[in-house]
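We're numbering straight along the sequence, starting at 1. Quick note: numbers below take in every heavy atom, side chains included, and nothing from hydrogens, waters or symmetry partners.
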Amino acid sequence: MTSAMHRPQDGTLLELRDVRTHFSTARGIVRAVDGVSFTLERGKALGIVGESGSGKTILARSIMGLLPKRGTIRQGEVLYAGDDLAKLDLKGMRKFWGQEMSMIFQDPMTSLNPLMKIGNQIGEPLRVHLGMDKENARATALKLLQDVKIPEPEKRLDQYPHELSGGMRQRAMIAIALACGPTLLFADEPTTALDVTVQAQILDLIQEQRRDRNMSVILVTHDLGVVAGHTDEIAVMYAGTLAEKATTAELFANMKHPYTEALLRSIPKLDQPSHTRLMAIGGRPPDLITPPTGCRFAPRCPYATEKCRTEIPVLESISAEHSFACWNPVGSSHWQSKQDELASNAGLASAGGQA
């Protein structure tokens with residue numbers, strides 16, 4: 001294992017090569033993650049976006065080795081600063097947890113110990129991983145609570161999770177995740193249970209800590225709007241596979257996959273009237289025990305052709321910063337003809353209604 005003290009301050013931190021995570025069940029093999037490859041540079045933030053069941057959380061847990069041992073089938077390489085994490089057992093992964101990588105979980109109430117004071121929960125990884133004594137661990141815990149801007153940090157040290165608001169509990173979770181100075185931070189839907197104002201504060205806080213610590217971040221979410229202003233790159237996952245990956249600016253300016261387009265249409269926009277109906281994505285994600293033969297999004301895609309239903313699209317790079325897997329991408333001649341057809345049908349329906 002490469003020492004954390006000697007890790008380079010730039011360059012590739014994480015590289016995934018054809019990562020597959022399958023689960024053996026009574027019904028068959030669930031292909032939760034099915035051949036995902038990408039790289040992440042040191043100090044950069046990557047958003048992994050997709051609906052529930054897309055495989056984004058399982059992918060994050062696969063990287064960290066937080067998977068059940070029984071019934072899990074893993075393939076591919078997870079290269080972290082040159083070390084292949086996929087080859088390590090639980091004992092080997094423990095050397096990476098805390099100082100190298102950590103995770104902010106979705107619901108702090110199910111992650112925090114309800115019987116332990118907040119100060120002790122932050123101090124525990126400091127004592128276990130860094131060998132701090134109780135006094136230094138408490139002082140560092142206080143500093144961490146100050147860093148995450150929790151109100152009255154001295155008071156919070158001696159409180160239990162149920163005594164804190166949802167936003168304060170999430171800040172305490174971030175403090176625990178940051179305690180040992182990780183190089184890579186995972187944030188799995190960190191704002192789902194919070195109101196809009198607190199969501200923005202938590203996302204800004206994670207971004208601020210990333211910059212201050214030169215830390216890489218993987219932000220897992222179903223909401224493209226969340227990653228828009230808080231990531232450098234976005235990877236869009238669908239049914240266990242990578243549909244599209246690009247820099248954040250490039251993705252929003254020139255998205256190619258119809259699933260990415262559908263995700264963007266399904267979120268509210270500030271320039272739309274408040275009564276505007278959101279565009280839901282029709283259909284349901286496929287059963288990952290028996291996924292579709294061709295493109296996995298084809299059964300729900302308005303632009304799908306016979307080729308889409310029978311041939312698996314390969315991940316194609318149109319530049320060094322943009323790749324996608326689609327036979328009929330957004331902006332293609334087939335896509336444009338379908339757009340014209342849909343617009344024509346909508347116009348006819350509107351005229352018929354007025355008549």
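- In plain terms, the two heavy atoms of A60 and F186 that are nearest each other are CB-CD2, 3.8 Å.
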Using the rule given for side-chain hydrogen bond (donor to acceptor under 3.5 Å, both in side chains), can you reason through S62 versus T21, listing the C-alpha separation, both sets of side-chain angles and the distance that settles it, and then say yes or no? CA-CA 7 Å; S62 297; T21 303; 2.7 Å; yes
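- Minimum interatomic distance between V227 and T248 (heavy atoms only, all atoms of both residues): O-CG2, 4.1 Å.
- Closest non-hydrogen pair, M64 versus S102, comes out as CE-CA, 3.9 Å.
- Between the side chains of E51 and Y259, at least one donor-acceptor pair of N or O atoms lies under 3.5 Å.
- Salt bridge present: K149 and E208 bring a charged side-chain N and a carboxylate O closer than 4.0 Å.
- Connection of M237 to V330 is not established within any shared hydrophobic cluster, with ILVMFWY side chains joined at heavy-atom distances below 4.5 Å, either directly or through further cluster members.
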Please determine whether side-chain hydrogen bond (donor to acceptor under 3.5 Å, both in side chains) holds for the pair D188 and T57, giving the CA-CA distance in whole Å, both sets of side-chain angles, and the decisive distance to 0.1 Å. CA-CA 7 Å; D188 185 6; T57 293; 3.2 Å; yes
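- Between I176 and L112, the shortest heavy-atom contact is CD1-CD2, 3.6 Å.
- Y303 and E261 share a donor-acceptor pair across their side chains, judged by distance under 3.5 Å alone.
- Taking 4.0 Å as the cut-off between side-chain N and carboxylate O, R169 and E163 do not count as a salt-bridged pair.
- Contacts classified as salt bridge (charged side-chain N to carboxylate O under 4.0 Å, His left out) and involving residues 130-142 (residues at least two apart or in different chains) are given here: R138-D158.
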When you look at R17 and D84, which way does the salt bridge (charged side-chain N to carboxylate O under 4.0 Å, His left out) test go after all the steps? CA-CA 10 Å; R17 297 177 181 173; D84 188 357; over 6 Å; no
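- Of all heavy-atom pairs between S111 and M173, the closest is CB-SD, 3.8 Å.
- Between F324 and H322, the ring-plane angle classifies as perpendicular under the 30° and 60° cut-offs.
- Rounding to the nearest 0.5 Å places CZ of F38 at 9.0 Å from CD of E233.
- Remark: E154 does not engage R156 in a salt bridge, criterion side-chain N to carboxylate O under 4.0 Å.
- A salt bridge does not link K256 to E244: none of the charged nitrogens lies less than 4.0 Å from a carboxylate oxygen.
- Atoms NE2 and OG, on H222 and S54 in that order, are 11.0 Å from each other to the nearest 0.5 Å.
- Of the inter-residue distances, the one linking Q199 atom CD with I202 atom CD1 reads 9.5 Å to the nearest 0.5 angstrom.
- Shortest non-hydrogen contact noted between C326 and H257 is CB-CD2, 3.9 Å.
- Between R296 and D287, no side-chain nitrogen of the basic residue sits less than 4.0 Å from a carboxylate oxygen of the acidic one, so the salt-bridge criterion is not met.
- Between R20 and D18, at least one side-chain N (NZ, or NE/NH1/NH2) sits under 4.0 Å from a carboxylate O, which counts as a salt bridge.
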